Participant: 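Got a structure for you, questions after.
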Amino acid sequence: MGSLCPSSRWRSPSSRLLLLALTLCGGTPPYPPGTDHGWTFRHTKVTSEPPAETHRVADLVCSFYFPAPQVALCLGGAARTFAHHVVYRTLKANFIDAYGGNLTTFAYLKLEDERGSVLEDGVSAKQGVRVGDTTRADLSSVLYALRHIGVDEARMDLVLGNHSAPAPACGDYRARHDGLGVRDSLAYYKSLLGQIENRKKCYDMVVAHEERTGVRFASVIFARPDLAWPFPIVPWCAHNYFTNRKKQDWIWWLTRADAKEALSRPHDDMYGCRRELKDGQTVEDYFYTGQRNDFWYPGGRGDHAQLSGHIVRVPSVTMGATMCKQFVMPGIWPAIMKDEALPRGWNCGEILHGNPYNHPN
């Protein structure tokens, strides 16, 4: 019987209607670059090795679709809880291994951070900023965690001292951000500069790797290093590599064509004196300003339910809350099942910052 669904060989990312039609027909279009849909079942049975023992589960599931696309994952920012068991272990199991495929991981990590929490969960922008004692991530624990997730020395950049990104040398930017409110504070402004620097450093590491190895990535993923992954993502052959998706400004999964705009352009705009943080503007809005309307899938600035990564705070009053209002049930699209609606036992705090494994080696 013929199918009403569009051809599986369609590759153009320009038509949102065709993409929606393919999705409604039960597929995950378009298929990974360099692969064909398996209607004709042109495959050779594996008889020489037990695949369940020699392959990651994701690669076993996706074995028909090899070769897998090349994807870059860069962890960028203050290390904070990165070396905590609940963070790096879940990152490895529920993201890196659950995804499988050809994933190359990079890390730009700052081991000290004295800014504290500039905006705590539920705190209005009119209240003062909390700045606490310096949060230090232990170097040996961070290196252990990096080895665990498969990052070698050539793909890591560790800032050992207490580091703040420099202010741009244009205008009196510092004087514009010396208020007592959260968004008018110098700490909030430093947070933006640090996040701009993190994204730029990650993008530059990815580009340098491409130039050094000749590999061209199909996707570039930027993620905060202090995210735990309580639920696994789907295997690599079930992803769409022609759309951008995100969770907050914590995780950005970008097409290679859009990676420069998202990760490098904010740095060029800020330090080229083309765009500064406006009075009352949020850090998130600064990054989103100027992006086209269809930049993020499933539309606007909505978060993608497959991305379970969630901030895990240092067990400290000065670091604030874990922002549990953004914690969602896996597989809910759109993500409407918030933490408040979950039964006890699926609670964000118990899974993340209240976890007994929320500590380093």
Side-chain angles (χ1 to χ4, degrees), residues 72-78 106-110 112-115 118-119 125 129 155-159 161-179 181-212 216-217 219-225 244-296 300-301:
L73 166 64
C74 187
L75 309 174
F106 303 82
Y108 172 68
L109 303 180
K110 303 168 183 176
E112 294 189 20
D113 179 18
E114 66 178 1
R115 290 181 296 107
V118 297
L119 182 59
V129 180
R155 301 196 308 274
M156 69 174 72
D157 185 358
L158 305 182
V159 182
N162 189 24
H163 168 76
S164 294
C170 42
D172 193 5
Y173 278 22
R174 185 183 180 113
R176 292 175 58 87
H177 303 283
D178 58 356
V182 169
R183 296 179 190 173
D184 300 322
S185 68
L186 183 58
Y188 197 73
Y189 179 53
K190 285 184 175 182
S191 176
L192 171 63
L193 295 180
Q195 292 184 50
I196 288 175
E197 181 182 58
N198 301 338
R199 285 162 170 76
K200 173 66 171 174
K201 290 286 188 178
C202 274
Y203 181 76
D204 289 347
M205 292 175 73
V206 168
V207 172
H209 181 85
E210 288 180 326
E211 294 175 348
R212 183 172 63 252
R216 178 72 174 180
F217 291 109
S219 293
V220 177
I221 306 167
F222 173 84
R224 289 179 55 138
N244 301 319
R245 47 204 186 275
K246 71 175 190 66
K247 182 173 183 181
Q248 305 292 320
D249 58 346
W250 309 342
I251 312 153
W252 285 6
W253 192 314
L254 305 158
T255 66
R256 183 62 185 87
D258 285 334
K260 183 176 182 179
E261 177 181 349
L263 302 179
S264 183
R265 197 188 74 174
H267 184 277
D268 297 341
D269 286 349
M270 175 62 79
Y271 289 91
C273 306
R274 290 188 288 272
R275 185 164 57 94
E276 85 137 315
L277 183 68
K278 300 177 182 177
D279 292 339
Q281 186 179 27
T282 65
V283 167
E284 294 84 357
D285 187 65
Y286 183 90
F287 285 114
Y288 297 141
T289 298
Q291 293 176 349
R292 63 181 187 273
N293 292 334
D294 65 345
F295 193 87
W296 297 107
R301 300 178 187 174

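On a predicted model such as this, the values are computed, not experimentally measured, just so you know.
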Participant: Not counting sequence neighbours, which residues clear salt bridge (Lys or Arg N to Asp or Glu O under 4.0 Å) with Lys247? List them please.
Facilitator: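 Testing Lys247 for salt bridge (Lys or Arg N to Asp or Glu O under 4.0 Å), a comparison that skips the adjacent residues, returns none.
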Participant: Do you know the tightest heavy-atom contact between Ala165 and Leu193?
Facilitator: CB-O, 3.6 Å
Participant: Output yes when Glu284 and Lys246 qualify as a salt bridge under the 4.0 Å nitrogen-oxygen rule, no when they do not.
Facilitator: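 No, Glu284 and Lys246 are not salt-bridged.
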Participant: When you measure from the side chain of Arg275 to the backbone N and O of Tyr286, does any donor-acceptor pair fall under 3.5 Å?
Facilitator: yes
Participant: Could I get the full list of ring-ring contact (aromatic ring centres under 6.0 Å, His included) partners for Phe287, not counting sequence neighbours?
Facilitator: Trp252
Participant: Could I get the full list of side-chain hydrogen bond (donor to acceptor under 3.5 Å, both in side chains) partners for Arg212, not counting sequence neighbours?
Facilitator: His209
Participant: For Thr289 and Asp285, work out which heavy atoms get closest and say how close.
Facilitator: OG1-O, 2.6 Å
Participant: Who passes side chain to side chain contact (heavy atoms under 4.5 Å, CB included) against Glu261, sequence neighbours left out?
Facilitator: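 By the side chain to side chain contact (heavy atoms under 4.5 Å, CB included) rule, Glu261 matches Asp258, Arg265, Gln291, Arg292, Phe295.
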Participant: What's the separation between atom CG in Asp249 and atom CZ in Arg224, rounded to the nearest 0.5 Å?
Facilitator: 7.5 Å
Participant: What's the shortest heavy-atom distance between Gly76 and Phe222, and which atoms?
Facilitator: O-CZ, 3.6 Å
Participant: Please give me the minimum heavy-atom distance between Tyr271 and Ile196, naming the atom from each residue.
Facilitator: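 Heavy-atom minimum between the residues: CE1-CG2, 4.4 Å.
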Participant: With sequence neighbours left out, write down each residue that passes salt bridge (Lys or Arg N to Asp or Glu O under 4.0 Å) with Arg256, or none if nothing qualifies.
Facilitator: Glu210
Participant: If you measure from NZ on Lys110 to CG on Leu158, what distance do you get to the nearest 0.5 Å?
Facilitator: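 The distance works out to 12.5 Å.
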Participant: For Ala78 and Pro225, work out which heavy atoms get closest and say how close.
Facilitator: O-CG, 3.2 Å
Participant: Can you check whether Val159 reaches Tyr108 side chain to side chain, under 4.5 Å on heavy atoms?
Facilitator: yes
Participant: Can you tell me how far the CG atom of Leu75 sits from the CG atom of Leu109, to the nearest 0.5 Å?
Facilitator: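 Here the interatomic distance stands at 6.5 Å.
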Participant: Nearest 0.5 Å, please: how far is OG in Ser219 from CG in Leu73?
Facilitator: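 Atom-to-atom, Leu73:CG and Ser219:OG are 11.5 Å apart.
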Participant: Would Met270 and Lys200 count as a side-chain contact (heavy atoms from CB on, under 4.5 Å) if you check the C-alpha gap in whole Å, the side-chain angles of each, and the deciding distance to 0.1 Å?
Facilitator: CA-CA 12 Å; Met270 175 62 79; Lys200 173 66 171 174; over 6 Å; no
Participant: Starting from the C-alpha separation in whole Å, work towards a yes-or-no answer on side-chain contact (heavy atoms from CB on, under 4.5 Å) for Val207 and Lys260.
Facilitator: CA-CA 10 Å; Val207 172; Lys260 183 176 182 179; over 6 Å; no
Participant: For Lys201, enumerate each residue passing the side-chain hydrogen bond (donor to acceptor under 3.5 Å, both in side chains) test, keeping only those at least two apart in sequence or located in another chain.
Facilitator: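 Result, side-chain hydrogen bond (donor to acceptor under 3.5 Å, both in side chains) vs Lys201: none returned.
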Participant: Please round to the nearest 0.5 Å and tell me the distance separating atom OG1 of Thr282 and atom CG of Leu192.
Facilitator: 9.5 Å
Participant: Given 3.5 Å as the limit, does a donor-acceptor pair link the side chain of Arg274 with the main chain of Asp268, or not?
Facilitator: yes
Participant: Nearest heavy-atom pair of Asn244 and Thr255: which atoms, and what distance?
Facilitator: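 Smallest interatomic distance, heavy atoms only, reads OD1-N, 2.8 Å.
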Participant: Supply the atom-to-atom distance Gln195 CD to Glu197 CD, rounded to the nearest 0.5 angstrom.
Facilitator: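 That separation rounds to 11.5 Å.
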